[in-house]
Enquirer: 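I'd like to ask you about the structure that follows.
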Amino acid sequence: MTLDWANIVGLLGSGLMVVAYAYSNIAREMNFLWFNLLNLVGSLLLIASLTIHFNLASMALEIVWAAIAVIGLANTIRKGKAR
């Protein structure tokens, strides 16, 4: 593996998603706006990385992850839970 820009972007995306997961497990009160934004940005960064180093299973997972994050953001904003 080379540490090119695509791998750096992918690692950053993975890091954001890990931060979101950790946050969801330690937060006393969830801020769904931040949680879904971290997941969306993380998955978009991974999708960008996967356009260079393609893997079908990972790409499918990230597209679904991004879609879920978009739905979560829309629900959060619609319900006024964005703090």
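Remember, it's a predicted structure, so these values are computed and weren't measured experimentally.
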Enquirer: With the 4.5 Å side-chain cut-off for hydrophobic clustering, are Trp5 and Leu12 part of the same group?
Expert: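 Linked, Trp5 and Leu12 end up in one cluster.
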
Enquirer: Below 3.5 Å, can you tabulate the donor-acceptor pairs from side chains in residues 57-74 to any protein atom, sequence neighbours excluded?
Expert:
{"residue": "Ser58", "atom": "OG", "partner": "Asn55", "partner atom": "OD1", "Å": "3.4"}
{"residue": "Trp65", "atom": "NE1", "partner": "Asn39", "partner atom": "OD1", "Å": "2.8"}

Enquirer: Looking only at heavy atoms, which two atoms of Phe32 and Thr76 are closest? And how far apart?
Expert: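 In this case the closest contact between Phe32 and Thr76 is CB-OG1, 3.3 Å.
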
Enquirer: Identify whether Leu44 and Leu56 are in the same connected component of the hydrophobic contact network (ILVMFWY, side-chain heavy atoms under 4.5 Å).
Expert: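 Cluster IDs for Leu44 and Leu56 match.
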
Enquirer: Please name the pair of heavy atoms, one in His53 and one in Ala6, separated by the smallest distance, quoted to 0.1 Å.
Expert: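 Closest approach of His53 to Ala6, heavy atoms only: CD2-CB, 3.7 Å.
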
Enquirer: Same cluster or not: Leu50 versus Leu16, using hydrophobic residues (I, L, V, M, F, W, Y) connected whenever any side-chain heavy atoms lie under 4.5 Å apart?
Expert: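 No; Leu16 is not reachable from Leu50 via cluster members.
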
Enquirer: At what distance, to the nearest 0.5 angstrom, does CG of Leu46 lie from CE of Met17?
Expert: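 Reported to 0.5 Å precision, the distance equals 6.0 Å.
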
Enquirer: Spell out, as yes or no, whether a donor-acceptor pair under 3.5 Å connects the side chain of Ser14 to the backbone of Gly10.
Expert: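 Confirmed, Ser14 side chain pairs with Gly10 backbone.
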
Enquirer: Assigning hydrophobic clusters by single linkage (Ile, Leu, Val, Met, Phe, Trp, Tyr; side-chain heavy-atom cutoff under 4.5 Å), is Val41 placed with Ile47?
Expert: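 No.
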
Enquirer: Can you measure from CG (Asp4) to CG (Asn7) and round to the nearest 0.5 angstrom?
Expert: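 Rounded to the nearest 0.5 Å, the CG-CG separation comes to 4.5 Å.
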
Enquirer: A side-chain contact here means heavy atoms from C-beta on lying under 4.5 Å apart; do Leu3 and Leu11 qualify?
Expert: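 Leu3 reaches Leu11 side chain to side chain.
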
Enquirer: Rounded at 0.5 Å granularity, tell me how far CG in Leu38 sits from OG in Ser43.
Expert: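 Those atoms lie 10.5 Å apart.
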
Enquirer: For Tyr23 and Glu29, which heavy atoms make the closest approach, and how far apart are they?
Expert: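 Scanning both residues, the minimum pair turns out to be OH-O, 3.4 Å.
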
